[in-house]
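Here's the structure we're looking at; comments come further down.
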Protein chains: 2
Amino acid sequence: MATRAKRAAKRRAALTRERILRAAINLADRDGIESLSMRKLGQKLGVEAMSLYNHCQNKVDVLDGMVDIVFGEIDLPANGVDWQIAMRKRAVSARQALLRHPWAIGLMESRATPGPATLRHHDWVLGTLRTAGFSIDMAAHAYSILDGYIYGFTLTELTLPFSNSEGAAGVAEIAGNILEGFRPDEYPHLAEMAVDRAMKPGYKYGDEFEYGLDLILDGIHRAQDSV
Amino acid sequence: MATRAKRAAKRRAALTRERILRAAINLADRDGIESLSMRKLGQKLGVEAMSLYNHCQNKVDVLDGMVDIVFGEIDLPANGVDWQIAMRKRAVSARQALLRHPWAIGLMESRATPGPATLRHHDWVLGTLRTAGFSIDMAAHAYSILDGYIYGFTLTELTLPFSNSEGAAGVAEIAGNILEGFRPDEYPHLAEMAVDRAMKPGYKYGDEFEYGLDLILDGIHRAQDSV
DNA sequence: ACCTGAACACCGTTCAAGT
DNA sequence: ACCTGAACACCGTTCAAGT
């Protein structure tokens, strides 16, 4: 069995932190973060779980690395663009990255040490605002509102029971949820909203994102001008 | 030992779903959600872990119940108040509840079935806006922006490495984080922000919350007027 | 009706032993 | 230098047995 192990080792690429993190992201995307274990991760890479500890400190380190990769997937428009357009593009790309990796937001809450892609991202946002003439205080305000909105909206979107369903199947599912979940007279406004919007074919909660984003960008623009 | 068990059973109050959820919240507040286990929860209540399954379906059910209790802790001002004041009060109270229970936001992402307090909360928000004359579409917009901001801001606040520190100790800690974490010339705008704001004594990131909240409420007010 | 002990199929992580 | 097997101290949950 020594020969069998050797052959297996030859067949597979060398284990690296990078490969481990990629595999972990794939597993989490497919099966959910709660079912990601060091043992399954090793198995996916054709290796015993214990081998992972030669390349990552522990599971927390793996989770930190995964979050940093998600940050790295967010597009940061080239310098020189109007700040409002740049912030808008970044916000849209951030939401998409967070939807691709639904486990990421939940993980952020407990990450203590931001990785290099995370730091680069934040530095880019602040730099774009400062270059556009924002004061330090105003840049902090804008940064805090925008990031709050992006994370919070996407979190809400991911939490909705029907976020990913579309078309007829989605409508049926929504109707089912509503009728099962609560009596309409107990929550009349929720029922009204569900019937008039959520159950309309073609409705997607995600479409709300850009309305709020533009309202916020407009508010920041207004506050910035009045300084 | 039959007598010993009986005596212990007499000494403690009857096990109920309510008592289990309260104990779970206390444990999660104190030790973090990741260390909450059915075994420790049982121990805290003077009972074997298996007894919990007589009152809760499983651990997911316990987590659902915990989140619903947090929603129940958010103050909903009495009817008849100006919508802007009502939304402001609710937002402030929601942030406070989420800060009291730092594990709640991370949990929301994966909750499939909202509890009664959660439904009542959402119904109240929509009702307040509709009563104030918001169209269904505009109520949906407002609701989505506000909740996005509240969750997202608080999530960011909880993620910050120095969120809870204050005064001299806080400043020292921040300075340490900055000097260790990254070279200032690598992330110049982050460094600038840290030195000019975060390291100033008395700085609290949470103070940003109301600035953004008012900017958003103002934007909603403006959009509502222009309809 | 409620509680429990034993058991099952899992975890993350350490460490000495292998190559 | 990297990988592994065995071991330790944990998990959530089922189930038959107790009261």
Side-chain angles (χ1 to χ4, degrees), chain A residues 1-21 23-25 27-28 30-67 103 106-107 110-112, chain B residues 1-21 23-25 27-28 30-67 103 106-107 110-112:
Chain A
M1 38 183 164
T3 56
R4 191 157 65 89
K6 245 185 242 170
R7 244 184 285 126
K10 225 154 237 169
R11 214 182 302 123
R12 67 181 177 248
L15 213 53
T16 62
R17 184 165 201 271
E18 180 71 15
R19 280 192 65 229
I20 291 172
L21 296 180
I25 288 175
L27 275 181
R30 203 187 59 191
D31 302 332
I33 192 75
E34 69 285 348
S35 94
L36 176 68
S37 72
M38 296 299 268
R39 282 165 150 102
K40 285 187 197 157
L41 186 49
Q43 199 183 325
K44 171 108 174 198
L45 291 159
V47 113
E48 297 298 318
M50 301 74 201
S51 307
L52 303 174
Y53 289 85
N54 287 307
H55 303 92
C56 300
Q57 293 203 324
N58 47 38
K59 192 176 180 181
V60 166
D61 183 37
V62 172
L63 297 175
D64 281 336
M66 292 167 72
V67 168
W103 42 266
L107 242 48
S110 46
R111 288 317 87 199
Chain B
M1 41 183 163
T3 55
R4 191 157 66 90
K6 245 185 240 167
R7 243 185 284 128
K10 229 153 233 170
R11 213 180 304 125
R12 65 178 179 249
L15 213 54
T16 62
R17 186 164 200 271
E18 180 71 15
R19 280 192 67 227
I20 292 172
L21 296 180
I25 288 176
L27 275 181
R30 203 189 58 189
D31 302 333
I33 192 76
E34 69 285 347
S35 94
L36 176 68
S37 72
M38 296 299 268
R39 283 166 150 100
K40 285 187 198 157
L41 187 48
Q43 198 182 326
K44 171 109 174 197
L45 291 160
V47 112
E48 296 299 316
M50 302 74 199
S51 306
L52 303 174
Y53 289 85
N54 286 309
H55 304 91
C56 301
Q57 293 202 324
N58 48 37
K59 192 176 179 181
V60 166
D61 182 37
V62 172
L63 297 176
D64 280 337
M66 292 168 71
V67 168
W103 41 267
L107 240 50
S110 45
R111 287 318 86 198

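Just so it is clear: chains get the letters A, B, ... in the order the sequence lines come, proteins before strands, and each one is counted from 1.
For A/H55 (side chain) and A/I20 (main-chain N/O), no donor-acceptor pair under 3.5 Å exists by modelled atom type. For A/K40 (side chain) and A/S35 (main-chain N/O), a donor-acceptor pair under 3.5 Å exists by modelled atom type.
Whole-Å rounding puts the B/R17 CZ to C/dC2 P distance at 15 Å. One interatomic measurement links the two molecules: CD of B/Q43 to P of C/dT4, which rounds to 13 Å at whole-angstrom precision. Rounded to an integer number of Å, the gap from CG of A/L27 to P of C/dC11 is 11 Å. Following rounding to the nearest Å, A/E48 (CD) and D/dA7 (P) show an atom-to-atom distance of 15 Å. Whole-Å rounding puts the B/E34 CD to C/dT13 P distance at 12 Å. Per the geometry, CG belonging to B/L41 stands 17 Å off P belonging to D/dC10, to the nearest Å.
Proximity of B/K40 to the phosphate of D/dC10: no side-chain N or O atom is located under 4.0 Å from OP1 or OP2.
Using N1 to N3 plus N6-O4 or O6-N4 for Watson-Crick, or N1-O2 and O6-N3 for G-U wobble, each under 3.5 Å, C/dC10 pairs with nothing. Nucleotide D/dG5: paired with C/dC15 (Watson-Crick or G-U wobble, both distances less than 3.5 Å).
Sequence order on DNA chain D of the closest nucleotides to A/R39 and A/A49 puts A/A49 first from the 5' end.
As judged by a 4.0 angstrom heavy-atom cut-off over every strand, A/M38 is placed among residues touching the sugar-phosphate backbone only.
Atom CG of residue B/L21 and atom CG of residue B/D61 lie 7.5 Å apart, to the nearest 0.5 angstrom. We find the NZ-CG distance between B/K59 and B/L41 to be 9.0 Å, quoted to the nearest 0.5 Å. Between the CD1 atom of A/I25 and the CD1 atom of A/I33 there is a distance of 9.5 Å, given to the nearest 0.5 Å.
Only A/Y53, A/N58, A/K59, listed by number, bring a heavy atom of residues 51-61 of chain A to less than 4.0 angstrom from any atom of DNA chain C.
Annotation: side-chain contact (heavy atoms from CB on, under 4.5 Å) contacts of B/E48 (sequence neighbours excluded): B/M50, B/S51.
Taking each heavy atom of B/M38 and B/L52 in turn, the nearest pair found is O-CD1, 3.3 Å.
Across C/dG5, D/dA6, C/dC3, the shortest atom-to-atom separation from the side chain of A/M50 is found for D/dA6.
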